[in-house]
Amino acid sequence: MTMGTLWRSSRIGIAPILLFAVALACGNESGQEPSMPAQAPRAQAPAKPTAPPKVDAVAEAQQVFETRCVTCHGPNGAGDGPASKGLTPPPRNFQAPAWQAEVSDEHLSNIIQYGGAAVGRSPTMPGNPDLTGKPEVVAALVAYLRNLKSD
Ligand code: HEC
């Protein structure tokens, strides 16, 4: 056996281990990445083979609201989150019945996914491109915003 054959056969021996390491790294997607302000409106997440049950979407929407939106929009959507102070225009009050009546579900769904700049609102409103592959979570977020309405 020459040195060349030895080297080659040891390379082949390593390949399955490398593949295994790659598979491990890919298997660790939890779907809970932090949001980044999106400039590219159409970043499509690959379609999932099976849709998660509805109740998961509601829980995920609530979690998204609490972890991403509250910073600016406040815990009850009043526009009083800790990061709202420096924003011009400031986040509006989602509780206001007049505002609730003025905006369509489609508008809410679009601004959540693609951000303010994409729909003629403030560019400081970030998009959430990771949600474009999760229409049921977007719908649950829209419902969440509707539920903030005060009488
Ligand atoms: C960096 C601060 C910030 C974050 C984070 C943020 N927003 Fe906004 N949002 C704004 C600002 C500023 C506006 C524009 C002013 C306004 O319309 O209230 C806005 C606008 C909106 C509007 C549209 C209001 C309208 O009349 O068109 C909706 C709906 C909205 N945000 C929902 C959300 C949701 C849901 C999240 C979380 C997924 C979120 N926002 C995260 C700052 C933020």
Side-chain angles (χ1 to χ4, degrees), residues 11 13-151:
R11 282 260 304 208
I14 283 170
I17 299 170
L18 283 178
L19 275 176
F20 181 67
V22 168
L24 266 185
C26 296
N28 195 26
E29 277 172 37
S30 68
Q32 298 297 341
E33 297 116 24
S35 88
M36 291 291 291
Q39 292 312 322
R42 295 214 177 266
Q44 292 283 347
K48 296 254 159 68
T50 46
K54 272 274 185 294
V55 62
D56 283 0
V58 171
E60 188 172 342
Q62 182 170 357
Q63 201 204 16
V64 166
F65 190 83
E66 284 165 2
T67 55
R68 303 183 192 179
C69 319
V70 161
T71 326
C72 294
H73 291 284
N76 301 308
D80 57 356
S84 66
K85 302 285 181 284
L87 297 173
T88 314
R92 71 194 62 223
N93 184 0
F94 292 155
Q95 297 170 11
W99 174 78
Q100 287 277 350
E102 202 178 280
V103 290
S104 68
D105 286 355
E106 194 192 358
H107 171 74
L108 299 181
S109 166
N110 283 337
I111 196 168
I112 289 168
Q113 293 175 84
Y114 307 124
V119 299
R121 292 289 202 272
S122 170
T124 54
M125 164 63 198
N128 297 273
D130 61 311
L131 298 183
T132 58
K134 299 177 173 180
E136 70 288 344
V137 176
V138 174
L141 255 177
V142 170
Y144 190 96
L145 295 179
R146 292 304 190 191
N147 281 334
L148 295 171
K149 176 173 175 264
S150 62
D151 304 312

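Fair warning: this is a prediction, and the values are worked out from it, not measured in the lab. Ligands are counted one by one from 1 in listed order, and the atoms in each one are counted from 1 as well.
Below 3.5 Å of separation, one finds no N or O of Thr71 facing any N or O of ligand 1. Annotation: Arg92 places an N or O atom under 3.5 Å from an N or O atom of ligand 1; distance criterion only. The N/O atoms of His107, backbone and side chain alike, include one that comes under 3.5 Å of an N/O atom in ligand 1.
Using a 4.0 Å cut-off between heavy atoms, Pro126 contacts ligand 1 through its side chain alone, with no backbone atom that close. Neither the backbone nor the side chain of Val119 has any atom closer than 4.0 Å to an atom of ligand 1 (non-hydrogen atoms only).
Counting only distance, with no hydrogens or angles, the side chain of Ser109 and the backbone of Asp105 share no donor-acceptor pair below 3.5 Å. The closest donor-acceptor contact from the side chain of Ser150 to the backbone of Gln95 lies under 3.5 Å. In this structure, the side chain of Gln100 engages the main chain of Phe94 through a donor-acceptor pair within 3.5 Å.
With contacts defined as side-chain heavy-atom distances shorter than 4.5 Å, the pair Arg121/His107 qualifies. You'll find the side chain of Gln113 stays beyond 4.5 Å of the side chain of Lys134, heavy atoms only.
When the options Arg121, His73, Gln100 are ranked by their closest heavy atom to atom 21 (C) of ligand 1, first place goes to His73. One option in Val138, Val137, Thr124 has a heavy atom closer to atom 12 (C) of ligand 1 than any other, and that option is Thr124.
Interatomic distance, Leu131 CG to Glu136 CD, rounded to the nearest 0.5 Å: 9.5 Å.
Proximity to Cys72 (heavy-atom distance under 4.0 Å) selects the following atoms of ligand 1: 1 (C), 2 (C), 3 (C), 4 (C), 5 (C), 42 (C), 43 (C). In summary, the atoms of ligand 1 found under 4.0 Å from a heavy atom of Cys69, numbered by their order in the structure, are 34 (C), 35 (C), 36 (C), 37 (C), 38 (C), 39 (C), 41 (C). If you number the atoms of ligand 1 from 1 as listed, the ones under 4.0 Å from a heavy atom of Leu108 come out as 29 (C). Residue contact check: Val103 has heavy atoms under 4.0 Å from atoms 26 (O) of ligand 1. For ligand 1 and Pro89, the ligand atoms under 4.0 Å from any heavy atom of the residue are 12 (C). Annotation for ligand 1: atoms under 4.0 Å from non-hydrogen atoms of Leu145 are 29 (C). Interface atoms of ligand 1 facing Arg68, defined by a heavy-atom separation under 4.0 Å, are 5 (C). Annotation for ligand 1: atoms under 4.0 Å from non-hydrogen atoms of Trp99 are 24 (C), 25 (C), 26 (O).
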- Evaluate the side-chain contact (heavy atoms from CB on, under 4.5 Å) criterion for residues Val119 and Met125: first the C-alpha distance (whole Å), next the side-chain angles of each, then the deciding distance (0.1 Å), finally the verdict. CA-CA 10 Å; Val119 299; Met125 164 63 198; over 6 Å; no
- Message: side-chain contact (heavy atoms from CB on, under 4.5 Å) for Cys72 and Leu87? Distances and angles first, verdict last.
- Response: CA-CA 9 Å; Cys72 294; Leu87 297 173; 3.9 Å; yes
- Query: Between His73 and Leu145, does a side-chain contact (heavy atoms from CB on, under 4.5 Å) hold up when you go through it step by step?
  - Reply: CA-CA 11 Å; His73 291 284; Leu145 295 179; over 6 Å; no
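Summary of contacts: the protein heavy atom closest to atom 28 (C) of ligand 1 is Phe94 CZ, 3.6 Å. Atom 14 (C) of ligand 1 has Ser122 CB, 3.7 Å as its closest protein atom, hydrogens excluded (heavy atom only). The single protein non-hydrogen atom nearest to atom 11 (C) of ligand 1 is Met125 CB, 3.9 Å, given as residue, atom name and distance. Counting protein heavy atoms only, atom 22 (C) of ligand 1 is closest to Ile111 CD1, 3.8 Å.
Of all the heavy atoms in Arg146 and Val103, the pair that sits closest is NH2-O, 2.7 Å. Nearest heavy atoms, Asn93 versus Ala78: OD1-CA, 3.4 Å.
Ring orientation note: the planes of Tyr144 and Phe65 are tilted relative to one another, at an angle of 30° to 60°.
Using a 4.0 angstrom heavy-atom cutoff, Pro90 counts as in contact with ligand 1.
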